[in-house]
Engineer: 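Let me begin by handing over the structure; questions about it come next.
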Protein chains: 2
Amino acid sequence: MLVQTFKLYEDREDVTLTAYVLDDSTELLNGKRRPAVLICPGGAYLACSDREAEPVALRFASMGYHAFVLRYSTYLEAEEPFEMIFQGIEKRERTVFPTAMHEIGKSLLLIREHASEWLVDSERIALCGFSAGAHNVATYAVYWNQPIVTDYFNASPQELRPTVAILGYPITDYVYMKETKMDERGAQLFKAANVSLLGEEVPNDQKLEQVSPARHVTSDTPPMFIWGTAADSLVPIGHSTRMATALADHEIPFELHIFEEGVHGLSLATQATASSLTLIDEHAEKWINLVEKWLEKRFKLEIE
Amino acid sequence: MLVQTFKLYEDREDVTLTAYVLDDSTELLNGKRRPAVLICPGGAYLACSDREAEPVALRFASMGYHAFVLRYSTYLEAEEPFEMIFQGIEKRERTVFPTAMHEIGKSLLLIREHASEWLVDSERIALCGFSAGAHNVATYAVYWNQPIVTDYFNASPQELRPTVAILGYPITDYVYMKETKMDERGAQLFKAANVSLLGEEVPNDQKLEQVSPARHVTSDTPPMFIWGTAADSLVPIGHSTRMATALADHEIPFELHIFEEGVHGLSLATQATASSLTLIDEHAEKWINLVEKWLEKRFKLEIE
């Protein structure tokens with residue numbers, strides 16, 4: 001396996017794409033190309049969680065797919081403590097929408113540039129995100145062939161196209177989020193996330209609507225696999241059901257798995273990704289097996 | 001993840017240990033140590049199969065364990081075609097028992113030497129083998145504290161001790177194998193394997209008995225997880241049941257899963273490790289989930 005990290009901007013250390021490229025062998029695909037999965041960790045656009053990065057990449061790699069982790073633009077710098085966001089924060093130009101979304105496009109282009117060298121099947125690249133990372137993925141998935149993306153790149157829509165998208169406990173509707181009751185700490189967290197993504201704590205409805213992928217599904221939106229927990233008290237499961245409703249209404253193929261129990265941020269829901277016992281869930285951990293079977297339908301390796 | 005390959009002998013390229021060491025993070029174990037799994041691929045002591053190497057390592061890595069692949073001494077040199085073994089082969093001193101078994105000990109010492117640097121929990125290292133690799137693992141598991149191992153190393157038994165062993169479609173009883181009916185190609189394959197492991201096509205009973213781990217289980221043999229398929233026409237499942245019987249008789253904890261269908265050499269039994277469709281099995285692929293749960297009982301990560 002080749003493990004290599006690329007900077008997406010020459011002058012910045014914080015935005016990176018880490019490649020986990022599988023070794024080929026005459027006993028395996030013998031030169032044939034493999035699909036890939038590009039992972040966006042969550043972290044409220046304030047940071048990118050390690051819990052939703054390498055361990056998830058390795059699980060997809062163990063399915064026979066190349067894996068990539070994108071650490072997109074988020075608010076906090078390396079040395080800044082997470083707690084500072086509770087003191088109120090100022091807009092930083094480098095994190096404001098659509099920057100993080102564009103970085104998914106940059107990553108797809110980088111992967112496709114290396115496709116021959118790494119034996120990546122450019123026609124089959126999944127995006128997989130968690131929480132804010134799932135929001136980033138969902139937003140890219142509805143905008144990938146719209147001017148907000150295509151005007152930024154000197155690339156064909158085909159090079160920017162995501163094949164499918166996998167959303168774990170996503171945020172998909174910022175207008176709906178306005179109605180959501182949350183505790184004081186949750187409210188402060190989302191205000192900080194808003195400063196990062198939209199430049200202000202309380203953005204107007206037009207801005208909120210623009211970053212609500214559940215309101216922008218088109219016939220070009222790729223098939224999706226969505227999962228979450230009904231008990232999620234930070235990002236209500238209504239974000240998942242609203243996205244699924246939009247996909248259903250547009251006849252986009254999708255699969256939705258909502259587990260009754262389980263907190264926000266489960267990642268693989270196993271000890272491999274848990275920082276505390278509440279993040280281990282024997283039932284919800286089955287999502288990865290479900291997505292493995294769902295992916296196999298579209299990402300079957302060329303084996304005879 | 002750190003991926004690094006070590007030569008076990010300075011002057012040989014063919015015997016290597018490849019480390020897949022997980023990145024730690026303040027969000028993950030924050031400096032606490034992880035258990036490890038050392039994998040021995042199969043290949044009839046003639047080669048080491050890529051199908052039972054990196055993809056398996058990545059699956060164990062995705063459980064939160066460091067993984068290592070040992071390419072132990074086998075007969076064929078890099079450029080030699082597998083088919084040559086069907087023309088009859090001559091003894092090569094560098095592959096004869098107990099060389100490959102000693103290389104497991106060398107690997108454990110190497111891993112334990114780097115334990116602080118890699119954050120490996122030296123008290124919890126599993127051996128995992130397939131077919132001939134499972135034979136190598138099983139043999140080491142019964143001999144690790146016997147003179148045939150300890151006299152070779154300048155090390156304490158504690159440094160050489162395997163915590164548990166995982167055997168996939170193993171060979172465990174060469175005396176029983178004498179009774180096994182096989183087709184001409186199978187018979188030739190085992191004759192070649194005998195030349196590699198024991199220096200001659202038809203070794204005497206004393207030699208066969210010595211390399212039959214099912215006949216050497218002691219109270220110091222580690223707990224084992226064994227799996228295979230009843231339909232295996234190359235290595236009869238009787239090797240697995242005989243090993244399990246010996247473990248039961250010695251009151252060694254073990255788990256045994258025999259799937260009714262499935263050919264020899266399934267590895268993960270998914271597309272990640274298949275070179276042909278016969279090596280994909282939707283039922284037998286569950287062994288890895290079963291071993292994941294079995295391992296968790298002993299290899300639980302320190303999460304509170």
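Any value given below was found using the heavy atoms of this structure, including those in side chains, with hydrogens, waters and symmetry copies removed. Letters A, B, ... are given to chains in the order of the sequence lines, protein chains preceding strands, and every chain is numbered from 1.
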Engineer: Non-hydrogen contacts under 4.5 angstrom with chain B: give the residues of residues 284-293 of chain A involved, or none if there are none.
Structural biologist: A:Glu285, A:Asn289, A:Lys293
Engineer: Run the side-chain donor-acceptor check on residues 124-131 of chain A: report pairs under 3.5 Å with partners two or more places apart or on a different chain.
Structural biologist:
| unit_1 | atom_1 | unit_2 | atom_2 | d |
| --- | --- | --- | --- | --- |
| A:Arg124 | NE | A:Asp121 | OD2 | 2.8 |
| A:Arg124 | NH1 | A:Arg298 | O | 3.1 |
| A:Arg124 | NH1 | A:Lys300 | O | 2.8 |
| A:Arg124 | NH2 | A:Asp121 | OD2 | 3.4 |
| A:Arg124 | NH2 | A:Lys300 | O | 3.1 |
| A:Ser131 | OG | A:His264 | NE2 | 2.8 |

Engineer: Mind checking the OG1-CG spacing from A:Thr273 to B:Leu28? Nearest 0.5 Å is all I need.
Structural biologist: 8.0 Å
Engineer: Counting heavy atoms not belonging to B:Gln4, are there more than 12 under 6.0 Å from its CD?
Structural biologist: yes
Engineer: Is a side-chain donor or acceptor of B:Glu54 paired with a backbone partner of A:Asp23 at a separation under 3.5 angstrom?
Structural biologist: yes
Engineer: In Å and rounded to the nearest 0.5 Å, what is the CG to CD1 distance from A:Leu279 to B:Ile303?
Structural biologist: 9.0 Å
Engineer: What part of A:Tyr65 lies closer than 4.5 angstrom to a heavy atom of chain B: side chain, backbone, both or neither?
Structural biologist: side chain
Engineer: Identify the residues of residues 68-85 of chain A whose heavy atoms come closer than 4.5 Å to a heavy atom of chain B, ordered by number, or report 'none'.
Structural biologist: none
Engineer: Taking every heavy-atom pair that is under 4.5 Å apart, which of B:Gln271, B:Glu304, B:Glu296, B:Arg51 has the most such pairs with chain A?
Structural biologist: B:Gln271
Engineer: Side chain to side chain contact (heavy atoms under 4.5 Å, CB included), that's the test. Do B:Leu22 and A:Leu58 meet it? Break it down for me.
Structural biologist: CA-CA 10 Å; B:Leu22 296 173; A:Leu58 295 175; 3.2 Å; yes
Engineer: A:Thr278: which residues meet the side-chain hydrogen bond (donor to acceptor under 3.5 Å, both in side chains) condition with it, sequence neighbours left out?
Structural biologist: A:Ser276
Engineer: May I ask you to name which of A:Glu282, A:Met1, A:Met63, A:Arg34 has the most heavy-atom pairs under 4.5 Å with chain B?
Structural biologist: A:Met1
Engineer: So how far is it from A:Ser62 OG to B:Leu268 CG, rounded to the nearest 0.5 Å?
Structural biologist: 7.5 Å
Engineer: Please classify the contact of B:Leu2 with chain A as side chain, backbone, both or neither, using a heavy-atom distance under 4.5 Å.
Structural biologist: neither
Engineer: Any idea which of B:Ala61, B:Pro55, B:Ala57, B:Ser49 has the most non-hydrogen atom pairs under 4.5 angstrom with chain A?
Structural biologist: B:Ser49
